[in-house]
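Notes follow once the structure below has been shown.
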Amino acid sequence: MTPNPPPTALALPPNRALGARFGIIPILAVMTLWAPTALAEPSLTWRGSVEADMRVLAADSAPFERLETTADAILNARLSTHVSAVGNLRLIFREFSVPNTFGALTDRTRIDPYRLESDSLFVEFTDMGLDGFDMRLGRQQLIWGSADRFHPTSNLNPLDVEDPLLFGKVIANEMMVLSYRPDWTLGDEDEPWLDEFGLELAVVPFFKPAQLPASAGLAFTDADEQARRADTPLLKKLVDQQQFMMGLNDPWTFDTNPVVELPERNGRNVMLGARMSFTLLDVDLGFSYFNGFDDFPRAEKVVADVDGDNLYAASVVTLTYPRVQVVGFDMATSLDWLDGVGLWAEVGLTFHEDLYRIITTGSIQINEVEREHEAGSFLKATVGMDHSPTSWLYINVQYLRGFLDEFGARNLQNYLVAGMDIKLARDVVLIRTFSIFNIDDGSFVLFPALILKPWDSGEISLGAFLYSASFPGADPTRKFDSPAAGGSNIFLKARASF
Amino acid sequence: MRSSGPLVLTMILGSLGLGGCTVDQGKSCKIDSDCAPGTLCSLEGTCETMETVADILANAGQQISTDAGAKEAKGWDCLEEGECTAHKAVFESTGGTCLEPAEKRIVSLLAIAETGHAAATLGTVSNGLIASGFENGTIHLELWVDGDFGPGCDSTIAWIRRDDDRAADCTALFSDKMPFAIPELVEATVYEAQFDPCTNTVSGLLNKAEILASMDEAIRETAGELIEEDVDSDGDGVNDRTTVILDLTFEE
C-alpha cells in the first residue's frame, strides 16, 4: 500500500532536506501500521429484553417488595477493523408513586417514577499499532476472576447488592483499560502448554460506592441492630450508654443521621488495577493487583449534639471508604479425567492501614478515638466446582471465605454456596435451587425457582428468596436472620428477549 | 513501536505501588483516607496521630465539663478565720437529751460531678432526675455541723434526711457515709464520704453491686456496663468500689 503523504507540504530549506527525508520515514512507518483496513460496512448488532418483576414480602398482609418493569437494550457497533463501540441502556419503571405534595401531582416522574442504568457505554480501539494491543475507554464492567458470582479479586466496579436475586451484579465505572493479548504460544502448535497470554491495565478516575439495600439503613435506626453491630469496645460503650439512657423512666431520644464522604475526585484517589493471565497446561491462571478503595462504607466518625434539657441527642455518623490494595490470584480448569468437572479458585489478599473511629458525645462524656482495625491484611477466597453429570442436571458448589460486605480479618465468616439446575421437558422447564449457608452461625438463604420457557424468546419465573429469619429458631444476631439483611419474598417474573 | 507496548505496560505495573498518594501529618484533610498511614483526619480537619487526637478529645471533654459545671458560689466560706464554734460532740452516744448541732444547712441541689471520678457517666443521665427530686420535694437532705469548718477548728458532720436518721442515743446514721438517691433510679450510699467545705463537694466510694441491686432489672445490665470500679478497698488486688464526687448547693 502506498503511504499517504503527510498533511503538510514538504517545503523545507534544501540544507534540511536530507534530515527531513530520514525524519519522515518513522512517521510514514507508523501511518502505514495505522492505515485503515477497509471494512465493507459497519456492523451493528443489538439485542434487548423486556421484563416484568413482581415481588411480595413473605410477611403479614403480604406487602409488595417491588413492582418493576425493565426494558434493556445493548448495541454492539463494529465500525471498522480497529474501532468498535458498545452501548447499553436499561430503563426501569419502579411503579411506586410518591406524590406526597400537591406539586408532585403535576410531576410525572413522581407519579410514575423510573430510573436509568447502563452497564456499558464505551469505545474500543483494537490492534493499536500492535496486534493484540487494545484500548477501551468509557463506562464498563471489568470483572476479573474465575469464580462464579463471588469475586474477591474483582474490585474495579462497585457491587450492586440492592437486589438480592442478582448476585454479583456490579455498577459500571468510567475507566480506561489497556490490554495486550499477543498471539503467543509455547509448545506444540496444536496443544501448546502455554497460551492465551494477556496483560490488562485499568485506570478508574472516580471512585463509586456500592449500592446498598434499603434494609441496610436499619443499622442506624434500629437500636437492637446497632447493638448487634457494635463490635469494638468504644462502639459498645456508646451503644450501652444509649440503651441505658433510653431505658430510664424519663427516656432520652436518640436520632442518627448517616452522611457519606466519598474520596475527593483528584489524582490522589485514582484507582488502578492490573492483571496478567495465561493458560498453562489447560489451567487458566490470573494474577492481579488493585489499588483503590473498598466499596462498602464504614463509620469513621460519630459526633453527637446533646440537649440535656430536652433529653435528646442527635448524632451525625460519617461514612467513608477505606483505602486498600488487593493482590489476587485465580485459576480455573476442567478435569476431563473426572467427566469434565469444572474447578476454580479465586483468592484476594487485601492490605489496609490502621482504620480509626472517633466518637464524641459532648456532655455524655464519651470523647475518644479507637483503632477499629489494625494495619494488616485479610484473605478472601472462593473455591468451587460445577458439573453436569447428565444433560438435564447441573450442580454448582462453592466455598466462600468472607462475604461481599465483610471487611477485616476478625469479621470474615465462612459460607457454603450450592445450587442445582434440573431441566425437564426438553428444557422447557427448569427447576433451580440455590442456597447460601453461613457455616459459622448456621443462618442461610434459600432461593428456589421454577423457570418455564414454553416458547422461544419467552420466559416465566416463579420463585422465592427466603432468609432463615423466616424459619423457626431465628436469631437476629445471625447474619441472614438480621432484619438488615432483608426480608423474604416471593417473586413472579416474565421476560421476553430479542 | 512493535516492542514498546509490553514495555509500557510493564513500566506502568512497576509504578503501581506508588499509587494512592496521601497527605502528611499536620496537613489539611477531609477523611481518614486522605491521610498518610498511621494518621487520621481529626475533627479539626488535619491529619494527626491517634494519640494527638485522643488528647484533643480528652481536653475537649474536660472543657465541656468545666463549662457545664460552672456554678455560682455555693455559700460556704471555708477560709473564714476567727473564733471557732465549740465542738460539743452532739453526735456521740449519750443517755440524755440530744444536743443540737451548731449549724443545720439544707441541701438545695446535688449533682454528680461530670469528670474526675469513675461514676461520672451517671451524671448526664441522673443530674436532671436529682434536680427534679429536690424541686418537687422528693429528696430532702440536710447537713448538720457540730463545731466549725474554720481553719484549726474541730467539726463533725451528719447527713440527715428525716428524723430517724438520728438514733435515740443521738448518734447519726450517716456521718462518715452519705445517703445517695436518684429518684426512680438508684438508692445507694456513699461510703468514706469526705465533705470539703471549700468546694462544697463530697467525695467517696460507691458499691456498684448495691447500686445495681437498687435499679430496675430492665436497665440493670446496661448500667453495669457504664459503672466502672476503680478502687481496691480490701487490698486483694481487685477493684471493688467506684469513686464518686458530688457537687452540693445549700440554701442561704
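These numbers come from the heavy atoms of this one structure, side chains and all, not from hydrogens, waters or symmetry mates. First the proteins, then the strands, lettered A, B, ... as listed; each starts at 1. Keep in mind it's a predicted model, so treat the numbers as computed, not measured.
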Requested in this report: Pick whichever of B:P37, B:A54, B:G38, B:S42 has the most heavy-atom pairs under 4.5 Å with chain A.
Outcome: B:P37
Query raised in the report: Do you know which of A:I358, A:I359, A:V239, A:T320 has the most heavy-atom pairs with chain B at a distance under 4.5 angstrom?
Result: A:I358
Report summary line: Exactly one candidate in A:F296, A:F293, A:F207 meets ring-ring contact (aromatic ring centres under 6.0 Å, His included) with A:Y321; the answer is A:F207
Query raised in the report: Quick one: what part of B:A120 sits under 4.5 Å from any heavy atom of chain A, side chain, backbone, both or neither?
Result: neither
Requested in this report: Please step through disulfide bond (SG atoms under 2.5 Å apart) for the pair B:C41 and B:C29, ending with a clear verdict.
Outcome: CA-CA 6 Å; B:C41 192; B:C29 59; 2.1 Å; yes
**Report entry** A:L262 versus chain B, the contacting section by heavy-atom distance below 4.5 Å
**Finding:** backbone
Query raised in the report: Is the closest basic N to carboxylate O distance between B:R220 and B:E217 below 4.0 Å?
Result: no
Query raised in the report: Hey, do the aromatic rings of A:H373 and A:F407 have their centres closer than 6.0 Å?
Result: yes
Requested in this report: Ignoring hydrogens and angles, state whether a donor on the side chain of A:Q242 or A:W252 is under 3.5 Å from an acceptor on the partner side chain.
Outcome: no
Query raised in the report: So what's closer than 4.5 Å to chain B heavy atoms on A:V303: side chain, backbone, both or neither?
Result: side chain
Report task. Please state whether the side chain, the backbone, both or neither of A:E300 comes within less than 4.5 Å of a heavy atom of chain B. Result -> side chain
